[in-house]
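Take a look at the structure set out below.
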There are 2 protein chains.
Amino acid sequence: MKLSAGVEWAVHCCVVLSEAPAPVPAPRLAQYHGVSRTYLAKHLQQLSRAGLVRSTEGRVGGYALTRPADEITVLDVVLAVEGPEPAFRCTEIRQNGPFPATGEACLRPCGVARAMWAAEDAYRASLRGVTIADLAGGVRQDAGADVFDRVRGWLATS
Amino acid sequence: MKLSAGVEWAVHCCVVLSEAPAPVPAPRLAQYHGVSRTYLAKHLQQLSRAGLVRSTEGRVGGYALTRPADEITVLDVVLAVEGPEPAFRCTEIRQNGPFPATGEACLRPCGVARAMWAAEDAYRASLRGVTIADLAGGVRQDAGADVFDRVRGWLATS
DNA sequence: GGCTGCCTACTCGGATACACATTGTCCGAGTATCGTGGG
DNA sequence: CCCACGATACTCGGACAATGTGTATCCGAGTAGGCAGCC
């Protein structure tokens, strides 16, 4: 069980985008976070496909959020990058071997899968309770109330 | 985010072991579940290293649980197979780029990591609430109260 | 008949190949801006 | 001075390699039981 590093990048990028007044190009986001330009672009494409961000082409193009930051949850970002399918995949091994589960018992998922999926529901519910706006507020608390003013100034220049 | 297939195998094996009166060899467990003998052995080794099962060598050897089934949680098995480290790995990208987080703000994990780890705590808490004994009871409900009697008979023969 | 010793067969454990997913990179298609020329 | 047009530079998007982890396998070390021989 290992999450892609792109998840971390994508969430941080969404926080920055939530405070940016104009579309931000992928290379600028990569420079800001000190990560690979081309690889970050790949993850931004995934966010675009999931409908979380909207891309603008052309000279002053870039990425921008499609919804207010308080309507985008961390779960949305994680599912966009990691894919929506659950991490646990039941292969129905109870139907193998000398004692295969019979038809009627297989109408419901086996107990192992139910326990695993219930845990994933709890995981997702926790992530669903945190929005990008919440994270931006946390950054303000940690780094000072004017941190995003400085960021906006840097995005406008250079 | 993708769990190893060995997690499913390991949990099912623990359920069987919880009802077995004697140590069960790895090849027998593999045959019962219809999976690869050698690969299942690898995961049983991980359970052994984690202290969940005890291996007995020799002619009538095999694997047996080290604790009562109601004292082994699904979380124990998942951590034994997948490793104890959390799925989300914070690379501290907030310390990169033109606006690196300064010393005192870094004493606490960044908000992104806190949200991700809180979700993992919820995930683990859910798995901690289900024991191998619970799963065995579920199998009895789904497949009949005498299912493990048949299994014990099969384990003794052939 | 009982005991001792050896042999055998079975077990686990770690070391060894293969496949796929993640990571990382590159180049091409498309578009809005900027500058220039004309009216 | 205003407008239309074209060139340009910048953007995103998908197609293409390298690395790491999961998957699958094999063989060697060790042990307990079973059998034969001996007392």
Side-chain angles (χ1 to χ4, degrees), chain A residues 1-10 13 17 20 22-31 33-66 78 80-83 85 87-89 91 93 155 158, chain B residues 1-10 13 17 20 22-31 33-66 78 80-83 85 87-89 91 93 155 158:
Chain A
M1 184 164 168
K2 181 174 66 70
L3 269 74
S4 163
V7 171
E8 183 185 11
W9 300 4
C13 283
L17 291 180
V24 183
R28 186 66 54 87
L29 285 171
Q31 183 183 6
H33 293 109
V35 299
S36 162
R37 282 179 291 278
T38 53
Y39 190 36
L40 178 63
K42 192 179 187 68
H43 293 300
L44 291 172
Q45 286 178 33
Q46 294 177 287
L47 295 182
S48 178
R49 281 180 213 153
L52 296 180
V53 303
R54 178 153 198 82
S55 64
T56 311
E57 293 188 340
R59 192 156 186 178
V60 293
Y63 289 96
L65 298 184
T66 57
V78 172
V81 175
E82 289 287 326
E85 58 276 356
F88 179 82
R89 299 155 295 172
T91 59
I93 64 175
L155 287 175
S158 75
Chain B
M1 186 163 166
K2 182 173 65 72
L3 270 74
S4 165
V7 172
E8 184 186 9
W9 301 3
C13 284
L17 290 180
V24 183
R28 186 64 55 87
L29 285 171
Q31 183 182 6
H33 293 110
V35 297
S36 161
R37 283 179 288 278
T38 52
Y39 191 34
L40 178 62
K42 190 180 187 68
H43 293 299
L44 290 172
Q45 285 176 34
Q46 292 176 289
L47 295 182
S48 178
R49 281 181 214 151
L52 297 180
V53 302
R54 178 153 198 82
S55 64
T56 310
E57 292 187 340
R59 192 156 187 177
V60 293
Y63 289 97
L65 298 183
T66 57
V78 171
V81 174
E82 289 287 325
E85 58 276 357
F88 180 81
R89 298 155 296 171
T91 59
I93 65 175
L155 286 175
S158 75

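Side chains included, hydrogens not; waters and symmetry mates left out as well; all remaining heavy atoms used. Quick note on labels: first sequence line is chain A, next is B, and so on, each numbered from 1.
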Distance, rounded to the nearest Å, where [X] contributes [atom1] and [N] contributes [atom2]:
{"X": "Glu85(A)", "N": "dA21(C)", "atom1": "CD", "atom2": "C1'", "result": "13 Å"}
{"X": "Leu44(A)", "N": "dG24(C)", "atom1": "CG", "atom2": "C1'", "result": "15 Å"}
{"X": "Arg89(B)", "N": "dT22(C)", "atom1": "CZ", "atom2": "P", "result": "11 Å"}
{"X": "His43(A)", "N": "dT22(C)", "atom1": "NE2", "atom2": "P", "result": "10 Å"}
{"X": "Arg37(A)", "N": "dC26(C)", "atom1": "CZ", "atom2": "C1'", "result": "13 Å"}
{"X": "Tyr39(B)", "N": "dG13(C)", "atom1": "OH", "atom2": "C1'", "result": "17 Å"}
{"X": "Lys42(A)", "N": "dT25(C)", "atom1": "NZ", "atom2": "C1'", "result": "10 Å"}

Across the strands shown, which category fits [X] at heavy-atom distances under 4.0 angstrom: base, sugar-phosphate, nothing?
{"X": "Ala5(B)", "result": "sugar-phosphate"}
{"X": "Ala41(B)", "result": "nothing"}
{"X": "Thr38(A)", "result": "base"}
{"X": "Gly6(B)", "result": "nothing"}
{"X": "Pro23(A)", "result": "nothing"}

Practice problem: Please check if the side chain of Arg89(A) supplies one atom and the backbone of Ser4(B) the other of a donor-acceptor pair under 3.5 Å. | Solution: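 Absent.
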
Kindly compute the distance separating [atom1] ([X]) from [atom2] ([Y]), expressed to the nearest 0.5 Å.
{"X": "Leu47(B)", "Y": "Lys42(B)", "atom1": "CG", "atom2": "NZ", "result": "13.0 Å"}
{"X": "Leu44(A)", "Y": "Trp9(A)", "atom1": "CG", "atom2": "CH2", "result": "10.5 Å"}
{"X": "Leu52(B)", "Y": "Cys13(B)", "atom1": "CG", "atom2": "SG", "result": "12.5 Å"}
{"X": "Leu40(A)", "Y": "Arg28(A)", "atom1": "CG", "atom2": "CZ", "result": "13.5 Å"}

Practice problem: Check DNA chain D for consecutive Watson-Crick or G-U pairs with both distances under 3.5 Å and list the runs of at least three as stems. | Solution: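 For DNA chain D the paired stretches long enough to count as stems (3 pairs minimum) are C:1-39 with D:1-39.
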
Quiz item: More than 12 non-hydrogen atoms from neighbouring residues, nucleotides or ligands closer than 6.0 Å to CZ on Arg37(A), yes or no?
Solution: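 Counting neighbours around CZ of Arg37(A), 12 or fewer heavy atoms of other residues, nucleotides or ligands fall under 6.0 Å, so no.
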
What residues, two or more places apart in sequence or in another chain, satisfy side chain to side chain contact (heavy atoms under 4.5 Å, CB included) together with [X]?
{"X": "Ser55(B)", "result": "Ser48(B), Tyr63(B)"}
{"X": "Arg59(B)", "result": "none"}
{"X": "Thr66(B)", "result": "Arg54(B)"}

Exercise. Considering only heavy atoms of chain B and a distance under 4.0 Å, specify the first and last nucleotide of DNA chain D in 5' to 3' order that meet this criterion.
Key: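 So the contact region on DNA chain D extends dT23(D) to dG34(D).
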
Quiz item: Which heavy atom of Ala50(B) sits nearest a heavy atom of Ala80(B), and at what distance?
Solution: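 So the minimum-distance heavy-atom pair works out to CB-CB, 3.5 Å.
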
Self-check item: Closest non-hydrogen atom pair, His43(B) against Val81(B)
Solution: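 So the minimum-distance heavy-atom pair works out to ND1-CG1, 3.9 Å.
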
Quiz prompt | Residues from residues 49-58 of chain B lying under 4.0 Å of DNA chain D - heavy atoms | solution =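 Close to the strand are Glu57(B), Gly58(B).
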
Quiz item: Mapping Arg59(A) and Lys2(A) to their closest nucleotides on DNA chain D, which lands nearer the 5' end?
Solution: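 Result: Arg59(A).
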
Self-check item: Val24(B) side chain near Leu17(B) side chain, heavy-atom distance below 4.5 Å
Solution: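 Yes, their side chains come closer than 4.5 Å.
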
